Amino acid sequence: MRAGFARFARNRLALFGAVVLLLVLVLVVSAPLAYPNNPFQLVGKPLQPPGGAFLLGTDTLGRDVAAGIAYGSRTSMLIGLSATLAAIGIGILVGGIAGYYRGRVELVLMRVTEFFQTIPAFVLAILIVAVLSPSVPSEIIAIAAVSWPGIARLVRGEFVALGGREFVLACAGLGASDLRIIFRHLLPNCLPPIIAVGSLLIGTAILIEAGLAFLGLGDPNVMSWGLIISAGRAVLRQAWWIATFPGIAILLTVLGVNLVGDGLGEVLNPRLRNR
Amino acid sequence: MSDAVLTIENLAIALPKGADRPLAVAGVNLELHAGKVTCLIGESGSGKSLVARAILGLLPAPHVRVADGRILFEGADLARAKPAEMRAIRGARIAMIFQEPMTALNPLHTIGRQIDEVLRIHTSLPRAQRLARVVELLESVNLPEPARMLRSFPHQLSGGQRQRAMIAMALALKPRLLIADEPTTALDVTTQAQILQLIRDLQREHGTAVLFITHDFGVVADIADSVAVLQKGDLVEQGSAAQVLGRPVHAYTQALIAAVPKLAAPAAQPPSTAPFILQARDVEKTYGARGLFGGNATKALNRVCIELRRGETLGLVGESGSGKSTLARAVTRLMTVNDGEILISGRDIARMTRSQLRPMRKRVQMVFQDPYGSLDPRQRVVDIIAEGPIIHGTDPQAARKEACELLALVGLDPSAAQRFAHEFSGGQRQRIGIARALALRPELLVADEPVSALDVSVQAQVLALLADIKTRLQLSMLFVTHDLRVALQVCDRIAVMQKGEVVEVAPTSAIYGNPQHPYTKALFAAVPGAHWQDRLTQETMAS
Amino acid sequence: MRLARYLGYRLLLAVPVILGIIVLNFFLIHAAPGDAASVLAGESGAATPEYMALLRHKFGLDQPLSTQFAVYLLNMAHLDLGYSFRNDSPVLELILDRLGPTLLLMLTAFVVAVLLGSLLGVLAASGRNGWRDNLISLASLVAYATPGFWLGLMMIVVFAINLAWLPTSGLDTVGADNEGWDEVIDIARHLVMPATALSLFYLALYARVMRASMLEQTGMDYVTTARAKGQTERRIIFGHVLRNALLTVVTMAGVQAGNLIGGSIVVETVFGWPGIGTLAFNALQSRDLNLLLGIFFVSACLVVVVNLIVDLVYVTLDPRIEI
């Protein structure tokens with residue numbers, strides 16, 4: 001464990017990602033402290049450039065862009081994490097059942113997984129939110145619904161590979177139940193790649209959320225980065241800053257998540273462990 | 001001697017920091033002569049493959065490199081040759097063949113193209129002449145239908161055919177030196193015999209010097225003119241084949257040779273009359289043919305019958321794909337069969353439900369081949385061994401205590417209990433696997449190639465342990481192996497399997513002394529180095 | 001001949017996918033809260049009662065669910081994707097009108113991403129851990145984290161507004177009436193920014209995948225064999241490793257084809273590109289769910305076709321696939 005942490009820390013990019021991610025988390029926690037007002041509240045003259053009374057300027061209605069970004073971080077993180085957790089849950093369930101029981105069940109489940117991987121994910125996400133009406137839960141459901149196939153394929157592949165390994169056969173030979181084999185032997189051994197791939201999924205989820213919000217499918221009562229960008233789009237000529245800063249926030253957050261995910265992947269890579 | 005094709009002087013190869021030793025090999029001196037086969041023999045980790053790669057400058061740079069010494073070939077020092085000079089030598093003057101012919105060939109190129117590549121690199125022959133030469137080469141290695149082989153891809157060939165193609169590629173430009181790195185290790189014994197013969201024939205015909213890397217003394221006895229023995233990077237003994245095999249001087253060489261099981265039958269014993277513990281009747285297993293457009297079904301087991309009496313060891317021998325491992329998994333119900341009965345002490349387990357099967361599991365336990373794959377990397381040794389009893393209702397505390405006692409039984413220190421599998425060597429892991437199987441106090445032990453992945457000296461220890469445990473605990477054993485030497489040493493009776501069928505079953509002494517089925521005869525004839533140990537024994541007795 | 005049979009087999013495999021999309025669409029209509037007719041007509045209440053009645057009749061919404069599904073299936077089988085009241089036009093016609101620009105944008109982005117991404121991956125892998133590798137890896141990390149629509153907006157600010165090098169939006173210059181090469185150049189100038197914004201993410205992805213795949217293949221035994229033959233490092237890379245490594249990228253490209261269409265929706269919106277994406281955005285604004293469902297159906301069919309092509313490419317690259 002400590003060796004793993006050391007290896008992670010030696011990877012400078014991962015460390016940078018972790019620092020960025022930590023700053024975003026600070027933003028998430030401190031948003032209500034730094035900006036006690038509702039981010040939708042009008043606080044000054046519209047379209048003030050950054051650097052004046054407001055660090056990142058104001059938008060078309062006179063709302064503080066910096067406050068919007070601070071509150072937007074909460075939305076991004078909330079949706080990114082919840083959707084990823086849900087996707088991992090579905091993925092483990094589908095992939096695990098397919099990989100453990102094989103046969104016809106596997107055939108059917110994997111066809112369904114491939115189907116969800118083939119169809120245009122973002123279009124489906126748009127449809128789901130449009131049908132369910134824009135809200136945070138709708139977004140989480142939509143993103144989870146299009147994100148699980150990757151995990152399912154991974155888990156199925158790992159289960160199939162591990163299932164052929166002799167220690168799993170040995171355990172079955174001892175008379176162990178399916179549940180014991182799955183929870184004591186299979187899942188713990190494929191957790192590292194799930195964590196590595198899952199952490200990268202958070203980045204994708206945040207990007208999808210931003211896209212949905214940009215198209216006006218975010219919760220209208222919850223501040224989000226995509227929403228600010230879409231508001232800034234109309235006044236790109238006069239006020240470049242409105243659309244620019246939230247985009248940088250997205251970029252840095254996703255970059256941080258991905259770098260940490262890459263670092264975790266390297267540490268947890270089964271090929272580098274053992275032997 | 002002056003006619004050396006290649007001379008290695010004081011070679012040292014450095015390993016990267018953090019390896020188990022700073023130098024992979026040190027102070028290696030070796031001469032390779034035209035028309036002679038020199039075998040470099042050693043166990044895993046001895047550094048023998050690195051010596052071979054160092055000659056061609058194929059060490060995994062930059063981490064592993066030649067630290068000292070010279071490799072003299074045609075007046076040049078290969079250890080210091082420039083990349084361009086080295087490329088002109090590779091493939092043309094010195095060629096190499098590898099252990100795994102499947103991965104050593106590019107899967108996307110045809111065999112013809114890959115052989116032709118050597119000619120394209122080193123000659124300016126026109127296309128038509130190159131093509132003719134490739135066909136000629138394919139014929140010279142006895143590949144059937146060279147014109148078709150030319151256009152075949154590696155995956156369409158058998159393992160032996162692929163290795164023949166590799167040899168054709170290596171000999172394309174009649175190199176002065178051929179380096180063969182365990183070229184027959186991945187092949188079945190009958191294929192191995194053919195490939196060895198082919199290498200021997202071609203090498204004599206062209207007067208090629210051969211450096212043959214191997215871990216198998218039988219192969220050495222068959223092919224070597226001279227032998228060099230490598231122990232953990234030190235060249236401990238070298239000399240003519242007769243000298244090293246017949247009168248080894250160094251203790252390590254002596255121990256290695258002593259560890260090779262003799263190809264000889266035990267004295268005939270009266271047939272056992274004990275009751276049957278295992279009877280398999282007309283067992284059938286078919287693979288494949290799944291899904292809508294399913295491919296061809298293959299019969300892994302075709303009406304197989306075997307019987308095993310209490311206290312007996314029955315060997316299952318055969319080449320890869322013979323169905324021997326499938327049968328082992330069928331009798332432990334790690335796999336369901338399509339048809340037939342499998343009786344354990346008279347009760348058919350082939351169609352038992354899970355709950356019926358559970359108490360039966362205790363009576364039949366299995367030992368696996370892969371010492372790396374057969375232990376859960378995330379469990380402590382004590383938990384691995386205690387898992388069986390815990391599943392069957394033993395108090396976890398008591399099960400763990402018993403597990404520690406079992407460690408002593410299989411010759412491991414009790415301190416091993418709290419460690420993880422990856423902290424142990426292959427032989428030690430195999431002992432842990434045996435302890436796990438014994439924890440349930442089984443009556444029948446099914447061992448699936450339990451020593452195939454181990455070095456010969458470790459193999460001898462594990463076999464001794466199995467024999468000792470068998471008598472002490474009065475176990476019956478089904479012993480699956482591809483190695484006839486091991487089978488002869490361990491088994492009371494031997495069943496020979498071929499393509500899913502048992503072609504012959506007989507007491508060990510009878511099957512060795514008087515094999516009936518042609519396939520059994522072919523198997524015994526193909527065992528490398530069949531008679532050198534006889535000679536050895538005679539010579540020792542004479543002196 | 002064998003290829004034709006394989007094509008037939010793959011087309012057969014596409015049938016369940018298309019069916020699946022139809023089922024999914026049907027499910028989505030009924031998952032929406034409220035009356036399916038009002039869902040289909042849009043929420044703004046602008047639909048006339050006559051239109052609502054028409055919808056009810058057309059989708060058999062007063063019938064049991066199984067009948068409704070049969071009716072829906074029958075409509076889809078006739079490629080009848082319904083009528084867009086908002087646009088006063090059949091859905092299929094609306095979509096087909098916009099298909100051209102979207103295909104142009106998508107295929108440009110796809111080809112650029114695969115070719116340039118693979119090339120960058122090769123460059124990075126061949127100079128492993130050198131400045132070239134570090135630069136490419138770092139750039140692809142950043143590109144991989146950049147939202148395409150935001151990148152588009154930033155490009156508009158820089159290249160269209162400040163530098164005035166490129167047009168901000170549209171497919172061609174309105175009222176210019178260019179012909180021949182002039183028109184091609186005009187469209188190409190309009191295409192530069194949307195195609196860049198759309199492809200950059202995938203370019204980065206393929207560069208990463210290609211780099212990893214190249215490095216993995218370089219460690220394979222057949223590379224050692226090629227070295228032992230005396231082959232030069234350059235020829236080993238381009239003659240042996242490249243094609244093996246490309247297989248992973250081709251597989252990935254097939255998987256990502258669907259996401260590329262999704263990405264084109266936001267990018268088209270940003271650049272006012274007159275394709276399916278902008279149509280989808282407008283449908284969203286007017287809550288024209290039926291049109292959205294039609295777009296989903298057509299874009300999914302498009303992905304199936306792209307996957308088919310990718311599969312054929314894969315088969316020609318890899319002799320191990322039995323066709």
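Within every chain, numbering begins at 1; the chains are lettered A, B, ... in the order of the sequence lines, protein sequences first and strands thereafter. Keep in mind the model is a prediction, meaning the values are calculated, not measured. All values below come from the heavy atoms of this structure, side chains included, with hydrogens, waters and symmetry mates left out.
Nearest heavy-atom pair across C:Val17 and A:Phe115 is O-CE1, 3.2 Å. Between C:Leu153 and A:Arg233, the shortest heavy-atom contact is CD2-CG, 3.5 Å. C:Gln285 approaches A:Leu215 most closely through the heavy-atom pair NE2-O, 3.8 Å. Nearest heavy-atom pair across C:Val303 and A:Thr118 is CG1-O, 3.0 Å. Nearest heavy-atom pair across C:Ser299 and A:Pro120 is OG-CG, 3.6 Å.
The only member of C:Leu260, C:Val266, C:Asn259 that meets side-chain contact (heavy atoms from CB on, under 4.5 Å) when paired with A:Phe122 is C:Val266.
Most heavy-atom pairs under 4.5 Å with chain C: of the set A:Ile248, A:Leu127, A:Thr253, this distinction falls to A:Leu127. Looking only at heavy-atom pairs under 4.5 Å with chain C, the residue among A:Ile126, A:Leu252, A:Thr244 that has the most is A:Thr244. The greatest number of non-hydrogen atom pairs below 4.5 Å with chain C, out of A:Ile250, A:Ile119, A:Leu124, A:Ile128, is found for A:Leu124. Taking C:Ile156, C:Asn25, C:Thr269 one by one and counting their heavy-atom pairs under 4.5 Å with chain A, the maximum is reached by C:Thr269. Your options are C:Ile21, C:Val255, C:Asn162, and the one with the most heavy-atom pairs under 4.5 Å with chain A is C:Ile21. Contact count against chain A (heavy-atom pairs under 4.5 Å) is highest for C:Ala145 among C:Gly258, C:Gly20, C:Ala145. Among C:Leu138, C:Val306, C:Val142, the residue making the largest number of heavy-atom pairs under 4.5 Å with chain A is C:Val142. Top candidate by heavy-atom pairs under 4.5 Å with chain C, chosen from A:Ala210, A:Gly256, A:Gly226, is A:Ala210.
For a residue to count as touching a neighbouring chain, one of its non-hydrogen atoms must lie under 4.5 Å from one of that chain's; by this rule C:Phe296 touches chain A with backbone and side chain alike. Heavy atoms closer than 4.5 Å to chain A are found in the side chain of C:Leu24, but not in its backbone. Neither the backbone nor the side chain of A:Ile208 comes within less than 4.5 Å of any heavy atom in chain C.
Side-chain N or O atoms of C:Trp150 include none that pairs as donor or acceptor with a backbone N or O of A:Ile229 at under 3.5 Å.
Between the CZ atom of A:Arg111 and the CG atom of C:Leu13 there is a distance of 5.5 Å, given to the nearest 0.5 Å. Atom CG in A:Leu251 sits 11.0 Å away from atom CE in C:Met154 (nearest 0.5 Å).
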Is there a side chain to side chain contact (heavy atoms under 4.5 Å, CB included) between A:Trp240 and C:Ile161? Walk through the geometry before answering.
CA-CA 10 Å; A:Trp240 55 269; C:Ile161 297 177; over 6 Å; no
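Proximity of A:Asp262 to C:Leu141: side-chain heavy atoms (C-beta onward) are separated by under 4.5 Å at one or more points. Inter-residue side-chain proximity for A:Val254 and C:Tyr144 is flagged as unmet; no heavy-atom pair is nearer than 4.5 Å.
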